There are 2 protein chains.
Amino acid sequence: MQVARLAGVSPITASRALSTPDKVSADALQRVRDAVKRSGYVRNMLAGGLASSRSRLVAAIVPTIAGSVFLDMVQALTVTLNDAGYQVMLGQSGYDNSREDSLLDAIIGRRPDGIVITGVMHSAHARQRLIASGIPVVETWDLTPHPVDMLVGFSHEQTGAAVARYVMEHGYRHAAVISANDVRARRRAQAFVDTIREDGAATVAPVQWVSAPTNLKQGRLTLPRLLERHPETDSVFCSSDLLALGVMIEAHARGIPVPSRLGVIGFGDLSFAAELHPPLTTVRIEGARIGERAAGFIVQRAAGETVEQRILDIGYSIVSRGSA
Amino acid sequence: MQVARLAGVSPITASRALSTPDKVSADALQRVRDAVKRSGYVRNMLAGGLASSRSRLVAAIVPTIAGSVFLDMVQALTVTLNDAGYQVMLGQSGYDNSREDSLLDAIIGRRPDGIVITGVMHSAHARQRLIASGIPVVETWDLTPHPVDMLVGFSHEQTGAAVARYVMEHGYRHAAVISANDVRARRRAQAFVDTIREDGAATVAPVQWVSAPTNLKQGRLTLPRLLERHPETDSVFCSSDLLALGVMIEAHARGIPVPSRLGVIGFGDLSFAAELHPPLTTVRIEGARIGERAAGFIVQRAAGETVEQRILDIGYSIVSRGSA
DNA sequence: GTGAAAGCGCTAACAG
DNA sequence: CTGTTAGCGCTTTCAC
């Protein structure tokens with residue numbers, strides 16, 4: 001350690017001065033800091049990580065980052081972890097999980113101090129590798145009684161059912177769903193349909209599936225198809241705010257009044273939702289909170305503490321606005 | 001290396017089997033691969049990086065990831081680099097660059113094989129550290145004759161001027177600008193204003209500044225303020241599509257017809273732009289291409305090749321649609 | 001509070 | 001094509 005020579009102390013003292021300054025005499029600390037400043041020394045964390053087997057690296061895996069609902073989580077995760085001295089490695093698995101397995105190996109190879117995954121891990125192979133690696137794992141954006149390790153999420157079934165009840169309580173009688181075909185959206189859609197069928201206060205048209213990641217255009221294109229086959233439809237639950245926006249724009253273009261003739265409900269509560277015309281009724285998930293809590297779990301685990309409450313349901317809320 | 005024992009070869013042969021399979025006999029290769037499969041071995045890249053001083057890590061620094069125009073770049077960057085065997089570390093510097101310096105030290109400490117920065121590096125201190133580190137750097141989303149190292153971007157001055165000409169050519173006579181107060185948006189706004197002033201074919205109101213990152217709400221709130229002070233305004237150049245969307249929604253709410261009474265131009269060509277009503281005229285930057293090219297630069301450099309053309313102007317294009 | 005010795009797991013360099 | 005030797009730069013451990 002060059003900086004140790006410059007400061008006239010042993011390497012280990014320099015190391016301690018940088019990581020645990022209170023375990024070093026004021027004098028030594030001062031000299032090390034001077035030497036650091038003079039030489040522009042930056043500690044090599046590859047070497048540090050190898051020696052201590054604490055890489056201070058956390059991996060985050062999301063299906064995709066472009067235009068998605070996971071941004072708030074990633075944002076909160078990186079900021080929270082950076083503040084705690086960690087860096088975040090970002091991986092995109094693709095909505096079909098095609099890249100998940102290879103990504104996982106690449107990630108485990110870095111010996112991160114934690115892995116945050118979007119969704120619950122389904123592939124048995126991947127689960128096994130993760131468990132074998134011994135790396136703390138936080139699954140997010142979903143709920144399962146048997147997580148790989150830790151979990152911060154919410155129930156898509158409950159969410160879908162709650163939206164169904166909302167729709168029925170607000171007097172709609174002919175519901176419809178436009179949903180992405182990814183695992184989680186699918187479960188919300190299914191729960192929505194089941195709840196309405198069971199209750200019987202309304203009818204529900206077969207789900208219109210679109211491919212993830214969803215966009216505005218799909219909403220515009222799907223609404224006419226839906227209305228053609230099910231003209232009685234008086235409300236649509238969309239699996240994303242972007243879809244809902246597309247539906248609203250298309251409805252507007254066709255002179256279909258929202259919410260009187262057609263109720264529209266989104267998912268995500270993206271920043272634009274409240275500003276639409278009428279403002280969008282939607283489901284809000286506190287993505288930033290997921291990120292913060294996931295970060296917290298990992299930092300806690302890295303500090304050697306055991307996390308007793310390993311499943312955290314952060315819930316959802318239906319934000320009732322003008323569109324339904 | 002446990003896996004080497006299992007395969008009955010020396011550690012270095014196992015290492016070669018994994019990184020340069022063609023430099024190893026078919027027999028040895030097979031045995032190593034079997035051993036890997038049986039033991040679930042994953043190579044420790046911390047150790048590898050330390051030994052080879054090639055970490056196969058690339059850092060990306062963006063102001064913020066939430067709701068931003070940089071997503072396509074980050075997306076393309078991670079995917080391209082993952083395919084080349086690299087991982088991407090994500091850092092968020094904040095629009096005020098407040099975190100940039102500390103982030104930079106944390107990043108340099110990881111000894112990444114490359115750093116991709118959004119914007120050009122202004123702080124002299126940071127520039128110096130970066131150069132001293134010897135790490136390949138790609139600055140993006142901007143143009144300067146003297147980049148730290150490599151550059152993939154475009155000219156905000158040219159872009160602003162081009163939009164100004166577009167506005168004048170389309171018969172607008174009283175232009176206005178709503179712009180984020182970040183460095184790059186500011187330069188576009190300034191060039192827009194200067195070009196119109198110099199030409200004289202139109203007047204231009206003082207720029208309405210809003211704080212970055214921009215959102216739809218700011219657009220809605222700013223339009224009335226603008227029209228109050230400058231009722232003659234017949235066109236608005238917004239520094240982001242979200243601002244433009246806010247302006248269009250507010251115009252709609254107030255019964256101001258777009259584009260006949262008010263032309264609206266955005267920036268970014270986000271996915272919703274083409275689907276608005278009327279579709280949004282905007283400036284398109286190929287963010288994904290920036291990401292790919294930046295990745296290419298770094299991979300090339302990591303392969304030991306010298307990059308002779310180190311400044312790449314990927315340009316901009318004005319997408320003329322219905323709103324102006 | 002400080003240091004000496006050893007080693008984290010891998011790969012560069014050289015030799016065979 | 002394969003192996004030996006050495007060492008990347010740090011931290012752990014144990015002693016003082």
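Sequence lines set the chain letters: A, B, ... in the order given, protein chains first and strands last, and positions in each chain run from 1. These numbers come from the heavy atoms of this one structure, side chains and all, not from hydrogens, waters or symmetry mates. Here the structure is a predicted model, which is why all the values come from computation and not from measurement.
The nearest whole Å value for the distance from the NZ atom in B/K23 to the P atom in D/dC1 is 10 Å. For A/R56 and D/dC10, the CZ to C1' distance is 14 Å, given to the nearest whole Å. Atom-to-atom, CG of A/L18 to P of D/dT12 comes out at 13 Å; the value is rounded to the nearest Å. As rounded to whole Å, 15 Å separates atom P of D/dC10 from atom CZ of A/R16.
Salt bridge status for A/R31 with A/D27: present, with a side-chain N to carboxylate O gap under 4.0 Å. Salt-bridge formation is not detected for the pair A/D34/A/R38: no Lys NZ or Arg NE/NH1/NH2 atom is positioned less than 4.0 Å from an Asp or Glu carboxylate oxygen. Residues B/D113 and B/R56 are not paired through a salt bridge, judged by the lack of any N-O separation under 4.0 Å between the basic side chain and the carboxylate.
Looking only at side-chain heavy atoms (C-beta outward), A/M150 and A/I311 stay at 4.5 Å or farther from each other. Within the 4.5 Å cutoff, side-chain heavy atoms of A/V116 are placed close to those of A/I298.
Distance check, rounded to the nearest 0.5 Å: CD of A/Q92 to CG of B/N82 gives 8.0 Å. Atoms OG1 and CE, on A/T78 and A/M73 in that order, are 10.5 Å from each other to the nearest 0.5 Å.
Remark: B/Y41, B/R43, B/N44, B/A47, B/G48, B/A51, B/S52 in residues 27-52 of chain B come within less than 4.0 Å of DNA chain C through at least one heavy atom.
For residues 138-152 of chain B, the set of pairs meeting the side chain to side chain donor-acceptor pair (under 3.5 Å) definition, not counting sequence neighbours, comprises B/D142-B/R187, B/D149-B/R301.
You can see that DNA chain C meets the heavy atoms of chain A within a 4.0 Å-exclusive cut from C/dG1 to C/dG9, reading 5' to 3'.
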